[in-house]
Amino acid sequence: MEKGRNLRFSRAYIPTSKETPNDAVLQSHILLIRGGYIQGVASGLYNLLPLGKKILDNIRDIVKDELDRAGCQEVDLAFVTPAELWEESGRIQKFGKELLRFHDRKENLFVLGPTHEEMMVNLVRDNITSYKQLPQNLYQIKTKFRDEARPRFGLMRGREFVMKDGYSFHESEEDMKREFSLMEETYKKIFSRLGLDFRVVEADSGAIGGTGSREFMVLADSGEDTLVVCKSCEYGANIETAKRQPKDAPEPVEMTFGKFLTPNMKAIDELSEFFHVDPYFFVKAVAKKAIFEDREEIVLFFVRGSDELEETKAVGTVGALELVDASQEELETAGLVAGFMGVLNLPQNIRTVYDLELKGSKNLITGANEVDYHYVGATLEELPEDTHFADLVVVKEGDLCSVCGGELHYKKGIEVGHIFQLGTAYSEKLKANFLDQNGKSQPMVMGTYGIGVSRLISAVVEQSHDDKGIILPKEIAPYRLNILVSNVKKSEELEFGEEIYSHFQSLGVPTILDDRKDRFGFKIKDAELIGFPYTLIIGKSLKDGEVEILHRARGEKESVSVDEVKTKLEELLK
RNA sequence: CGGGGUGUAGCUCAGUAUGGUUAGAGUACUUGGUUUGGGACCAAGGGGCCGGAGGUUCGAGUCCUCUCACCCCGACCA
């Protein structure tokens, strides 16, 4: 018999509530508070109550189990990390205010770890000196802290949260890629065991750097990320990086080159109407100020009038830290005219990037870089060799899949996992080198793999609930079986409940006995709100030798004879 | 960080335009009784620095100033 897996409801600390908390909006947030799983303490900070702690532990066990099977080793690094490490990697600047910093009594600067690349490299760099000690894959499941500008949605975006962060070290790019694939497979197993409906998508690597990167997205309308997925094949990508087949032209149009007066017409729609030409044939110019570590520069991005600029792609293609809107003055200083920017008559030395789908196009309408004028019949056939082309556009619903030609559509997703092919960025900066087979010193090749463990609690609930409450799969439910004694004053009901309770207790099944003195309606509402996968109802039909099993997910009650109930439950709870 | 909103009982909220007995309701809680298959009923109770500080006034939950906290939209987000 294992302790701590069973509980009498009458002794439990499970503060449920009928009322919707006034500061919660998202269903998962509301239900987790109402169900007595969590309690808010401050913006982005939550206490886990007994039920919340159990569900977290259950998720953690599954994550750990699969990782250990895949050969990863768990460690536990200090939460408080010396700021010097962050200076070494240069990320103390990059992370900015999200890093919570403070001084100890000796006035040394520390930060609360928001992610542990630096710490993990530091852990291995002095001990791993030879290719013979590689590869390694180390992980921890631990509280992280990021001082988010705007925490929200309960556990979904807290400042303090539990993350599984893993880091692998390799002697070669190939070996890192092998591990990356292994982690992708391992993550799929984890999320499948959690009963989640998820997609693996291509993703932007963002500030962490590296090349290939995959996100694991739980599909939910409340998700903060937009995914582009194909209806016909497996293709899926975060919209920040999604690709499509080049769009076909609506109807070929022949234009004679000329300059036209377009007084005060700046919007593509207006111009399209004025010229009776589809927006596809316009060149849209988007001016942004690109911020680099040491300088700023105005960059002009050109896409078709029927397209929109995807900023994440744009940032990546110019290698900037971020893009911000350029002010009127900044545009003028650069020699640009807002509303009439175009591909012809550009001022000298202005940096430009063209969308790939504009390559070799002709019969275009474009701003004249002169107030109130546009050119008609412009061509991009004669651009210089070194013109910068890149994928810049936002993929829209209905666009065609670049893999199979199927129709693309949008889905909303909650990011619960992200795996990166990191390369040598951190090992170089932090000097984590080893000697290869030729005795040559090399930086270790790294991969990094994250899972939002506490966020998964929200994600599970977000994906699995109804108007009555939470619906938990038995793999992660705090108790798999709830034994509801309808009226504890009826000794035969209570006795039968106790019998079943001790039976499953001895089998090691996490079980709770609802022996509270409350009425049936009150207790069944609680059971549905909390989301026990199975509730055994011992009530008025007991005298006829019958009890009922409530299947939470199906929302159905099933009558079972008292003789068969143990076998039946054992079957269900397996 | 910009814009908006809200702070009154454990929880959900009235009351604040027009200052004036002892600050209310529902729910939750305690006690007694009646109930007992879908958040019961009757009765009696306990519970408040009206977010905080300062001010105006004979008098402030209510008016003024400042502050803090929380939520929403946006920016941001390995």
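Only a predicted model underlies this, so the values are computations on that prediction, with no experimental measurement involved. Chain A is the first sequence line, chain B the second, and so forth, proteins listed ahead of strands; every chain is numbered from 1.
Closest to the side chain of A/E19, out of B/C1, B/G37, B/U12, is B/U12. Checking B/G39, B/G37, B/A40 against every side-chain atom of A/L529, the shortest atom distance belongs to B/G39. Closest to the side chain of A/S541, from the set B/G39, B/G37, B/A75, is B/G37. Of the candidates B/C1, B/G37, B/C11, B/C11 carries the atom nearest the A/S17 side chain, counting heavy atoms from C-beta on. Considering only the side chain of A/E98, B/C77 comes nearest among B/G39, B/C77, B/G37.
A/K523 comes within 4.0 angstrom of nothing in the nucleic acid, heavy atoms only. Among the atoms of the strands shown, base atoms are found under 4.0 Å from some heavy atom of A/E548. Using a 4.0 Å heavy-atom cutoff across all strands shown, A/K144 reaches no nucleic acid atom at all.
Between the side chain of A/E528 and the base of B/G39, no donor-acceptor pair of N or O atoms lies under 3.5 Å. For B/U12, the base has no donor-acceptor partner in the side chain of A/K18 [N/O atoms by modelled type, under 3.5 angstrom]. Side-chain atoms of A/N487 and base atoms of B/G37 include no donor and acceptor less than 3.5 Å apart.
Side-chain contact, A/S222 with A/K412: no donor N or O sits under 3.5 Å from an acceptor N or O. For the residue pair A/R125 and A/Y426, no side-chain donor N or O sits within less than 3.5 Å of a side-chain acceptor on the partner. The closest side-chain donor-acceptor pair between A/Y534 and A/K568, if any, does not fall under 3.5 angstrom. Under 3.5 Å, the side chains of A/T241 and A/E202 contain no donor-acceptor pair of N or O atoms. A donor-acceptor pair shorter than 3.5 Å cannot be found between the side chains of A/S181 and A/E179.
In this structure, A/R34 atom CZ and B/U12 atom C1' are separated by 12 Å, rounded to whole Å. The distance between atom CG of A/L550 and atom C1' of B/G38, rounded to the nearest whole Å, is 11 Å. In this structure, CG of A/L26 is placed 15 Å from C1' of B/C73, rounded to the nearest angstrom. Atom NZ of A/K97 and atom C1' of B/C1 are 7 Å apart (whole Å). Between the CZ atom of A/F520 and the C1' atom of B/A40 there is a distance of 14 Å, rounded to whole Å. Residue A/D526 contributes atom CG, which lies 15 Å from atom C1' of B/G37 at whole-angstrom precision. Residue A/E415 contributes atom CD, which lies 10 Å from atom C1' of B/C77 at whole-angstrom precision. For the pair A/D518 CG and B/U35 P, the computed distance is 18 Å after rounding to whole Å.
Not less than 6.0 angstrom separates the ring centroid of A/Y139 from the ring centroid of A/H116. For A/F216 and A/F191, the ring centers sit closer than 6.0 Å to each other.
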- line: Going 5' to 3' through nucleotides 67-72 of chain B and flagging B where a protein heavy-atom sits under 4.0 Å of the base, S where only the sugar-phosphate is that close, and - otherwise, we get ---SSB

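Rounded to whole Å, the separation between the P atoms of B/U56 and B/U62 comes to 15 Å. A distance of about 37 Å separates the P atoms of B/U36 and B/G24, rounded to the whole Å. Rounded to whole Å, the C1' atom of B/U22 lies 32 Å from the corresponding atom of B/C66.
Among A/I483, A/I524, A/V547, the one residue that satisfies the side-chain contact (heavy atoms from CB on, under 4.5 Å) test with A/I537 is A/I524.
A cation-pi contact links A/R295 to A/F292, judged by a cut-off of 6.0 Å to the six-membered ring centre and 45° from its axis.
Residue-nucleotide stacking is not present for A/F522 and B/G39, judged by a side-chain ring centre under 5.5 Å from the six-membered base ring centre and planes under 30° apart.
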- prompt: In dot-bracket notation, what is the pairing pattern of RNA chain B, taking Watson-Crick (N1-N3 plus N6-O4 or O6-N4) and G-U wobble (N1-O2 and O6-N3) contacts under 3.5 Å, with [ ] crossing and | for other strands?
  reply: (((((((..((((......[...)))).((((((.....)))))).....(((((..]....))))))))))))....

message: Working note: A/E117 + A/T115, criterion side chain to side chain donor-acceptor pair (under 3.5 Å); need CA distance, chi angles, decisive distance, verdict.
response: CA-CA 6 Å; A/E117 279 79 8; A/T115 174; 2.7 Å; yes

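Glycosidic conformation of B/A17 is syn; the angle stays within 90° of 0.
Note on residues 447-469 of chain A: pairs passing salt bridge (charged side-chain N to carboxylate O under 4.0 Å, His left out), not counting sequence neighbours, are A/D466-A/R552, A/K468-A/E528.
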